[in-house]
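Before any comments, here is the structure.
Residue numbers count from 1 along this sequence.
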Amino acid sequence: EAGLAKSTAHRLLASLVSLGYATQDVQTARYRLTLKMFELSSGIVSGMDVISVAKPHLDRLSRRLGEAVHLVMQYEPLSSYVGRRTPMYCTGVGKAILATQSFGEAERVWHKSQIVPITPHTITDFSAFTDQLARARMAGYAVDDEENEPGIRCVALAIPSMSGRAETAFSISGAASHMTPQRMREVAQAGLATRQDILRDLGWK
């Protein structure tokens, strides 16, 4: 429609992809714009856009791993997904999100929360909690080792905005008996790759 030669159009598309303004669907080979295009006019990307972009990637991740995958958003000192809200201080997603925020924000969430030992593994000491956030920053993901629900372990990854700060994250959960240290590492690597795909489609990486 633009009257361009196919080779020229392909070269222009390749440039848009490399700059993060377009992406190619690996299954259909079709191109589409990313949310980065909206920076040109408004500079605003809504959290709801993150959900719509992330969902197909997380669906594929769940099928590939055979584990439960949840996408959550921060709501004051709680992390929330459809039908449920859980405290941030004792969940992988909460720690993953807070690891991208300032010490002051993490401290505020801690003091606004009712710190109770939900399970024998729940962290109730602020120093131990901040150590967990530091580990999450280093590794790129957080871990919930039966801290919120007995018998359940999960790996959680924040989906940061272009500023690096996140209010959204996803978790990959499974039975503690199945989620061995080796399995946790495998799940974490799959999660890190999926996050990169999400950020690419958002145009943030």
Side-chain angles (χ1 to χ4, degrees), residues 46-48 50-51 54-55 58 61-62 65 67-181 183-192 194-195 198-199:
S46 150
M48 293 307 293
V50 174
I51 293 173
K55 187 179 184 305
L58 299 182
L61 179 65
S62 180
L65 295 176
E67 309 288 1
V69 176
H70 292 111
L71 180 65
V72 307
M73 296 184 71
Q74 181 176 1
Y75 181 78
E76 291 298 318
L78 304 173
S79 51
S80 176
Y81 62 91
V82 176
R84 187 177 179 188
R85 289 180 180 171
T86 55
M88 295 189 74
Y89 76 92
C90 63
T91 56
V93 286
K95 288 185 287 185
I97 289 171
L98 291 173
T100 71
Q101 300 179 11
S102 69
F103 178 86
E105 288 173 305
E107 188 176 35
R108 180 185 63 81
V109 166
W110 178 270
H111 289 302
K112 287 190 70 173
S113 304
Q114 184 180 359
I115 308 299
V116 294
I118 297 173
T119 78
H121 300 277
T122 304
I123 294 172
T124 56
D125 176 75
F126 183 65
S127 178
F129 172 69
T130 55
D131 284 347
Q132 289 267 312
L133 299 188
R135 291 179 195 174
R137 289 187 196 100
M138 292 275 294
Y141 61 90
V143 171
D144 171 356
D145 187 6
E146 300 185 73
E147 296 164 50
N148 185 59
E149 189 173 350
I152 299 295
R153 289 194 180 113
C154 83
V155 170
L157 299 94
I159 303 175
S161 65
M162 284 178 286
S163 69
R165 186 182 188 279
E167 293 183 350
T168 308
F170 64 92
S171 65
I172 309 157
S173 306
S177 58
H178 170 63
M179 284 287 205
T180 62
R183 177 60 175 168
M184 294 282 274
R185 286 191 290 270
E186 293 171 357
V187 165
Q189 289 305 308
L192 288 166
T194 294
R195 178 171 63 189
I198 293 170
L199 294 178

Output the distance between atom [atom1] ([X]) and atom [atom2] ([Y]), rounded to the nearest 0.5 Å.
X	Y	atom1	atom2	result
Q132	R135	CD	CZ	5.5 Å
R165	L98	CZ	CG	9.0 Å
I152	H178	CD1	NE2	11.0 Å
D145	M184	CG	CE	6.5 Å
M138	L133	CE	CG	13.5 Å
M162	L199	CE	CG	10.5 Å

Expected output: side-chain [X] to main-chain [Y] donor-acceptor under 3.5 Å:
X	Y	result
Y89	H111	no
T119	P150	no
T100	A166	yes
E146	G151	yes
K95	V143	yes
T122	E147	yes
R195	I159	no

Problem set entry | Worked verdict on T168 versus V72 for side chain to side chain contact (heavy atoms under 4.5 Å, CB included) | CA-CA 6 Å; T168 308; V72 307; over 6 Å; no
Exercise. Could you walk me through whether I198 and L58 pass the side chain to side chain contact (heavy atoms under 4.5 Å, CB included) check?
Worked result: CA-CA 9 Å; I198 293 170; L58 299 182; 4.0 Å; yes
Where do [X] and [Y] come nearest, in terms of heavy atoms and distance?
X	Y	value
V109	S113	O-OG, 2.7 Å
P117	T124	N-CG2, 3.9 Å
A142	A96	CB-N, 3.6 Å

Exercise. Are E67 and R153 within salt-bridge range, i.e. N to O under 4.0 Å?
Worked result: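 Salt bridge flag = no for R153 with E67.
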Problem set entry | Lys/Arg N to Asp/Glu carboxylate O, R108 vs E105, below 4.0 Å |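 Result for this pair is no, no salt bridge flagged.
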Problem set entry | side chain to side chain contact (heavy atoms under 4.5 Å, CB included) between M179 and V187, worked out | CA-CA 9 Å; M179 284 287 205; V187 165; 4.2 Å; yes
Answer yes or no: is there a side-chain heavy-atom contact under 4.5 Å between [X] and [Y]?
X	Y	answer
F170	H70	no
C90	D144	no
R183	L65	yes

Exercise. Side chains of Q101 and Q74: is there a donor and an acceptor less than 3.5 Å apart?
Worked result: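 Note: Q101 and Q74 side chains meet the donor-acceptor criterion.
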For this session: In sequence, state the C-alpha distance, the side-chain angles, and the governing distance for L157 and L192, and then conclude on side chain to side chain contact (heavy atoms under 4.5 Å, CB included).
Result: CA-CA 7 Å; L157 299 94; L192 288 166; 3.5 Å; yes
Exercise. Salt bridge (Lys or Arg N to Asp or Glu O under 4.0 Å) between E107 and K112: does it pass, once the steps are laid out?
Worked result: CA-CA 9 Å; E107 188 176 35; K112 287 190 70 173; over 6 Å; no
Exercise. For the residue pair W110 and F129, does the interplanar ring angle fall in the parallel (under 30°), tilted (30 to 60°) or perpendicular (over 60°) class?
Worked result: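 Because their plane-to-plane angle lies in the 30° to 60° range, the rings of W110 and F129 count as tilted.
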